[in-house]
Amino acid sequence: MTVRVRIAPSPTGNLHIGTARTAVFNWLFARHHGGQFILRIEDTDLERSRPEYTENIFQGLRWLGLTWDEGPFFQTKRLEMYKSAVQTLFDKKLAYRCYTTPEELEALREAQKARNEAPRYDNRHRNLTPEQEAAYKAEGRNFVIRFKIDDDREIVWNDLVREKMVWRGSDLGGDMVIARAAADGIGVPLYNFAVVVDDIDMQITHVIRGEDHIANTAKQILLYEAFGAKMPEFAHTPLILNQEGRKLSKRDGVTSIFDFKQMGFTAEAMVNYMTLLGWSAPDSTQEIFTLEEAAKLFSFERVNKAGAKFDWAKLDWINSQYLHNMSVDKLTDLLIPYWEEAGYPLTQGRDRAWLEELVVLIGPSLTRLVDAVAMSKLFFVETVEFSDEATAQLKQEGSVATLNSVIAALENHQLTQASAQEIIKKVVKQQNVKKGVVMKALRAGLTGDLHGPDLIQSWLLLNQIGLDKPRLIEAVKQVRLS
């Protein structure tokens, strides 16, 4: 048997982290078994589906490295197949037209609520006579198509994550709607019906999805049986939870995959982290691995039943590991768009070589790519604002004289690592001060702060674009004016 799995998002919103994590698990399982990973777009919700969401799904999966082997398939281009499948159920007398009005359904729900009963359809139109159907049509009633569910039926399957699962037909809310009406009688299918027809047609062997689909699985098993089709295996993965233990949602802020990208997380870190949301490697201490490495280890035996809490600190740590071990060339490529978005000038001596030197300087301190914007601002602006600490340092006795000595020394030196150290030694001797005084005054004058990346490397970068001497002159001026 060739393993065939699918990811089937609905283009009614951007690619959600829950959908992306499901895609990761499907991809890992397919690659582990040398199988196929199929992409299907479930776009039968015509009112809410948008082409921009479809494109967002494609871009998000590609960004994460989740390449698909077949597809994308679109449900809206498969409507004739669904209509044929509905007719098959009609022919088997397993489906019927239901003319119950929205008002009648609401009255039914209110009556059930008053009796503290779970809402369910009472199958009132299951056995309409031709005369009754004709009368409803004459009234101008619309209809839906329902599939018959036996309340006494026990539905059992062995879930790859949750082991034996048992449902009763009476728990499924009555005969289920599988399609709407249309001018020719059979309209757009509903989710539970279309997904089964698709999975049968695409010969899906394993259906891997979130635990919120468990009730759907019980309904879908009945449809597989009705079509006489081979049943796939099912695996229901744990939901992603927020810190309060509730399902992660838009209320928690970030849920779209591209939100995470904009926040400065790398694709490698995201798929690595999502792999760990509900699964752990056989060596539980291993937390950093590529998709390919995880695929070799992946099995549902190590997927948890309990919900997976989203941990920002862990995601940050994983992201930092990728950034700190990334080549300078690749990290520079990733950071340039963030600098451009911030409006920083990549001109006036800030060529590729200069940018790579900047990346070497700040790279070890990055947690997210976006951190580079604030961390490197002082290298892209003409002047800096002085923090209170820096201002206090510049007002210290000897600071102005120290900076003036540095400014004078710059007239006669081509600044290098060695000459920068030589200037500092010379100023220490000239001004008869400790080296720490020179270093603090120099950092305050060049960066506007007393904290930051390596001072000598920062000085060299500023010198290459002609900003070091003007900064020091401005610092002296500010002290004298204060």
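What you see below is based on every heavy atom in this structure, not just the backbone, and it leaves out hydrogens, waters and symmetry mates.
No hydrogens or angles considered: a donor-acceptor pair under 3.5 Å links the side chains of E389 and H451. At a cut-off of 3.5 Å, with distance as the only test, a side-chain donor of Q75 or D198 sits close to an acceptor on the other residue. Defined by atom type and a distance below 3.5 Å, a donor-acceptor pair is present between the side-chain atoms of Q220 and N192. With hydrogens and angles left out, the side-chain atoms of S327 and D329 include no donor and acceptor closer than 3.5 Å. Side-chain polar atoms of Y191 and E42 form no donor-acceptor pair below 3.5 angstrom.
Within 6.0 Å of NZ on K305 lie more than 12 heavy atoms contributed by other residues, nucleotides or ligands. Summarising the local packing, CD of E244 is surrounded by more than 12 heavy atoms from other residues, nucleotides or ligands at distances under 6.0 Å.
The side-chain contact (heavy atoms from CB on, under 4.5 Å) test applied to Y53 returns P11, N14, R50, not counting sequence neighbours. Scored by the side-chain hydrogen bond (donor to acceptor under 3.5 Å, both in side chains) test, D122 finds R124 as partners (sequence neighbours excluded).
Geometrically, R97 engages F143 in a cation-pi contact, judged by NZ or CZ lying under 6.0 Å from the ring centre and within 45° of the ring axis.
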Pairs under 3.5 angstrom only: tabulate donor-acceptor contacts from the side chains of residues 294-302 to other protein residues two or more places apart or in another chain.
{"from": "R302", "atom 1": "NE", "to": "S280", "atom 2": "O", "distance (Å)": "2.8"}
{"from": "R302", "atom 1": "NE", "to": "A281", "atom 2": "O", "distance (Å)": "3.1"}
{"from": "R302", "atom 1": "NH2", "to": "S280", "atom 2": "OG", "distance (Å)": "3.2"}
{"from": "R302", "atom 1": "NH2", "to": "A281", "atom 2": "O", "distance (Å)": "3.1"}

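For F310 and W312, the ring centers are positioned less than 6.0 Å apart.
Residue I7 holds its CD1 atom at 14.0 Å from CH2 of W27, rounded to the nearest 0.5 Å.
Using a cutoff of 4.0 Å between basic side-chain nitrogens and carboxylate oxygens, E70 and R4 are scored as salt-bridged.
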